[in-house]
2 protein chains.
Amino acid sequence: MIKYNLSKEDQEFVANYNPGDYERPSVTTDILIFTVDIKEGLQLLMIKRKNPPFRDYWAIPGGFVDMNEDIDEGARRELFEETGVKDVHLEQLYTFGEVGRDPRMRVITIAYMALVPKALLKPIAGDDAADAQWMNIKFDHDGELYFENDHKAGVSMIAFDHQNIIKTAVERLRGKLEYTTIATNLLNNKEKFTIYELQKIHEGILGHGLNAANFRRYFLTTYIEKYKAEDTGVACTQFSKRPSHYYKLL
Amino acid sequence: MIKYNLSKEDQEFVANYNPGDYERPSVTTDILIFTVDIKEGLQLLMIKRKNPPFRDYWAIPGGFVDMNEDIDEGARRELFEETGVKDVHLEQLYTFGEVGRDPRMRVITIAYMALVPKALLKPIAGDDAADAQWMNIKFDHDGELYFENDHKAGVSMIAFDHQNIIKTAVERLRGKLEYTTIATNLLNNKEKFTIYELQKIHEGILGHGLNAANFRRYFLTTYIEKYKAEDTGVACTQFSKRPSHYYKLL
DNA sequence: GCAAAAGTGTTCTAGCTACACCCATGC
DNA sequence: GCATGGGTGTAGCTAGAACACTTTTGC
């Protein structure tokens, strides 16, 4: 919410302002809720549509912008409604506003991207009746992405232009891996994590494996020196037989 | 414009769809029209508001989204109306949708960024009565940006939240300099330009000078090897006494 | 012993930075 | 001669990729 110190003239003008009744587009915020499962890789929360259009297709959750809330707030509310989590990384992705992208009416969609640590999420009931599912995002040999859900192998049908939105999001995510510490937002515990876990998050987002020796050095320079991560000295045997160290972010 | 191959069910559903009459926000596209003047550096086209609110403040040009045009199209139309140019670089920047950012009513603004070569632009009449002006974007010693127009020194007053939008745009522009060839969109002639010109464009965007020897090598590797620029062999004496070479992009 | 992650060392390359220096030209 | 941009050479630093190797543990 923005408040200006308006001049007298402006205050008066605004008080008497008549917005007119021209036609306006509908505006929605859609949230791409990503997580990385250490085994499964990158996952996206999608919803199976129960009504036309695109009945039984998978779609990104979203909802209309409320007139009295900031779009960022709306996105956060949407995220909370879907997952019950609040304090996670959320950023605006891109705005999609082509005519005809919703066959019902003119809709402009402001897409947001949320990064939710796997452990914060309550599992979704595994039956086909559930409308919300974690979709595995996979990449073929050309780097093209496709979708799998746990129950049916093969490509799932994506509603509207959401395939395109997802591609945009994955590209952004991969891009930001290189020059930010965005991946840390997917750590289950920022106060207690191993290099191995962070590597798996990177690998999940990139869609391919990384050299452990080099990733280790990358972590030590980039995170420790630049972003002040710290070795806690505490041993971890969760992922290997030989104990490793837990690190924490400051 | 997107067209789907809808199922029979969907076609029928859409034909009978009633959108309801809930309240919708106004949506505008604003265009940040950047150019780089080889002498002045980075410039932005701004408009002096003639009416309240923020009368006499400077604002980014923009307009309402037409119900029958894509938002990208709308932005391009807006750009054409302001400058008369069409085939220039235009990309979506970010969407601003805080409550209260326009004191009159709820407005969601999709900001676009256009890069227009200086030579394509017809000069704006230099008198104070003109409502459109090229604002010089300058940077103080802390890297903070401020605005100058040709006539009045010092900081100009910026309407709405447009100061914030401009900052976002300049950051994006600088970021993209590093990993794209976005700067070439500001060349007056992509078929005939010198390294010096391109350097001046980079410097204008960055707000500081660059080492000519290093920029030269950067150009030769990045542009020639990766993006297939080519030495035309033609001599240029526009910028220096000693002739340099014109290059062209392929 | 085997497997698998943890961790160290080395080498090669590519890119950027700083800086020194010469060249060609107009004035 | 001098100023200015054009252009070359070089040395140092850093990050990344590839790869070989040892270590520590559970099984």
* Could you tell me whether B:K167 and B:E171 make a salt bridge, using a distance below 4.0 angstrom between a side-chain N and a carboxylate O? => no
* With a 6.0 Å cut-off on ring centres, are B:Y223 and B:Y247 close enough? -> no
* Of all of residues 237-248 of chain A, which get a heavy atom below 4.0 angstrom from DNA chain D, listed by number? -> A:K241, A:R242, A:P243
* Identify whether the distance between the nearest side-chain nitrogen and carboxylate oxygen of B:D37 and B:K118 falls below 4.0 Å. => yes
* Structure fact -> Taken to the nearest whole Å, CD/B:Q199 to P/D:dG6 is 8 Å
* Check the surroundings of atom CG in B:D87: do more than 12 heavy atoms from other residues, nucleotides or ligands lie under 6.0 Å from it? => no
* **Distance in angstrom units between A:I195 CD1 and C:dA5 C1', rounded** => 12 Å
* Does NZ or CZ of B:R174 fall inside the cone over B:F34's six-membered ring, less than 6.0 Å from its centre and within 45° of the axis? -> no
* Asked: Roughly how many Å is it from NZ in A:K39 to C1' in C:dA4, rounded to a whole number?
  -> 14 Å
* To the nearest Å, give me how far apart CZ (A:F215) and P (D:dA18) are. => 16 Å
* In whole angstrom, give the distance that lies between atom NE2 of B:H208 and atom P of C:dA18. => 10 Å
* Starting at CG of A:N211 and ending at P of D:dC21, how long is that distance when rounded to a whole Å? -> 15 Å
* Structure fact -> Going 5' to 3' through nucleotides 8-16 of chain D and flagging B where a protein heavy-atom sits under 4.0 Å of the base, S where only the sugar-phosphate is that close, and - otherwise, we get BBB------
* Check for a donor-acceptor pair, side chain of A:D70 on one end and backbone N or O of A:E73 on the other, with a separation under 3.5 Å. => no
* To do: Nearest whole angstrom, please: distance from the P of D:dT25 to the OH of A:Y196.
  => 19 Å
* To do: Assess A:K138 against A:Y146: is NZ or CZ under 6.0 Å from the centre of the six-membered ring, and within 45 degrees of the ring's axis?
  => no
Which donor-acceptor pairs under 3.5 Å do side chains of residues 202-210 of chain B form with protein atoms, sequence neighbours excluded?
{"unit_1": "B:E203", "atom_1": "OE1", "unit_2": "B:K200", "atom_2": "NZ", "d": "3.0"}
{"unit_1": "B:E203", "atom_1": "OE2", "unit_2": "B:Q199", "atom_2": "NE2", "d": "2.9"}
{"unit_1": "B:E203", "atom_1": "OE2", "unit_2": "B:L210", "atom_2": "N", "d": "2.8"}

